[in-house]
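All residue numbers refer to positions in the sequence shown, counting from 1.
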Amino acid sequence: MNLPNSDTVLLDLRGTPCPINFVRTKLKLEQMPPGSLLEVWLDPGEPIEQVPDSLTMEGYHIESIDDRQEFFSLKVRRPH
């Protein structure tokens with residue numbers, strides 16, 4: 001498993017239901033400096049289907065979504 005680089009903050013939300021995973025992701029992003037990158041680990045199904053769209057609607061930039069087989073790695077950047 002690849003660990004995030006030192007500039008990336010990791011938030012493991014596997015096992016966290018919707019919409020709590022979105023709320024926790026948004027709160028974490030709001031605590032981070034502008035331009036920061038957050039890697040969020042989400043379960044397949046509703047979490048990976050809902051959270052990226054919700055973050056995009058809130059103005060966050062989705063950098064990547066990687067399927068890690070048991071979970072998804074979502075990288076999202078806080079805007080400047």
Side-chain angles (χ1 to χ4, degrees):
M1 177 185 331
N2 293 342
L3 291 174
N5 68 35
S6 58
D7 297 341
T8 305
V9 175
L10 176 63
L11 186 60
D12 184 353
L13 294 179
R14 292 174 293 177
T16 304
C18 291
I20 294 166
N21 47 22
F22 166 68
V23 172
R24 288 189 179 161
T25 301
K26 188 176 173 200
L27 286 171
K28 187 66 175 178
L29 284 162
E30 288 172 354
Q31 296 168 358
M32 295 169 62
S36 298
L37 188 65
L38 177 65
E39 180 175 348
V40 185
W41 290 355
L42 295 166
D43 293 317
E46 190 180 15
I48 196 60
E49 292 166 10
Q50 300 291 327
V51 173
D53 289 343
S54 298
L55 289 169
T56 300
M57 286 190 286
E58 292 285 329
Y60 295 100
H61 177 70
I62 305 303
E63 298 237 329
S64 66
I65 299 174
D66 296 321
D67 185 346
R68 303 268 178 94
Q69 300 191 325
E70 290 99 31
F71 66 96
F72 285 84
S73 168
L74 169 71
K75 289 188 180 169
V76 57
R77 189 168 301 274
R78 180 173 178 190
H80 288 279

Peer 1: Throw together a table of side-chain donor-acceptor distances under 3.5 angstrom for residues 55-64, partners on residues two or more places apart or in other chains.
Peer 2:
{"residue": "Thr56", "atom": "OG1", "partner": "Pro52", "partner atom": "O", "Å": "2.9"}
{"residue": "Glu58", "atom": "OE1", "partner": "Lys26", "partner atom": "NZ", "Å": "3.1"}
{"residue": "Glu63", "atom": "OE1", "partner": "Arg77", "partner atom": "NH2", "Å": "3.4"}
{"residue": "Glu63", "atom": "OE2", "partner": "Arg77", "partner atom": "NE", "Å": "2.8"}

Peer 1: Classify the side-chain pair Glu39/Ser73 by whether it contains a donor and acceptor separated by less than 3.5 Å.
Peer 2: yes
Peer 1: Would you sort out whether Asp66 and Phe72 count as a side chain to side chain contact (heavy atoms under 4.5 Å, CB included), showing the intermediate values?
Peer 2: CA-CA 6 Å; Asp66 296 321; Phe72 285 84; over 6 Å; no
Peer 1: Who are the side chain to side chain contact (heavy atoms under 4.5 Å, CB included) partners of Glu49, not counting sequence neighbours?
Peer 2: none
Peer 1: When hydrophobic residues are tied together by side-chain contacts of less than 4.5 Å, even through go-betweens, does Val40 share a cluster with Ile20?
Peer 2: no
Peer 1: Is the closest side-chain heavy-atom distance between Val51 and Leu74 below 4.5 Å?
Peer 2: yes
Peer 1: Could you tell me which residues satisfy side-chain hydrogen bond (donor to acceptor under 3.5 Å, both in side chains) with Asp53, sequence neighbours excluded, listed by chain and number?
Peer 2: none
Peer 1: Any side-chain to backbone donor/acceptor pair from Arg78 onto Met32? Under 3.5 Å, distance only.
Peer 2: yes
Peer 1: Got Leu38 and Lys75 here, is their nearest side-chain heavy-atom distance under 4.5 Å?
Peer 2: no
Peer 1: Is the side chain of Thr25 donor-acceptor paired with the backbone N or O of Asn21 at a distance under 3.5 Å, no angle test?
Peer 2: yes
Peer 1: Which pair of non-hydrogen atoms, one from Glu46 and one from Cys18, has the smallest distance, and what is that distance?
Peer 2: CG-SG, 3.7 Å
Peer 1: If every non-hydrogen atom of Lys28 is compared with every non-hydrogen atom of Leu11, which pair is closest and at what distance?
Peer 2: CB-CD2, 4.0 Å
Peer 1: To the nearest 0.5 Å, how far apart are CG in Asp12 and CZ in Phe71?
Peer 2: 7.5 Å
Peer 1: Let me confirm one number: the CG-CG distance from Leu13 to Leu42, rounded to the nearest 0.5 Å.
Peer 2: 6.0 Å
Peer 1: Any side-chain heavy-atom pair from Leu27 and Glu30 closer than 4.5 angstrom?
Peer 2: yes
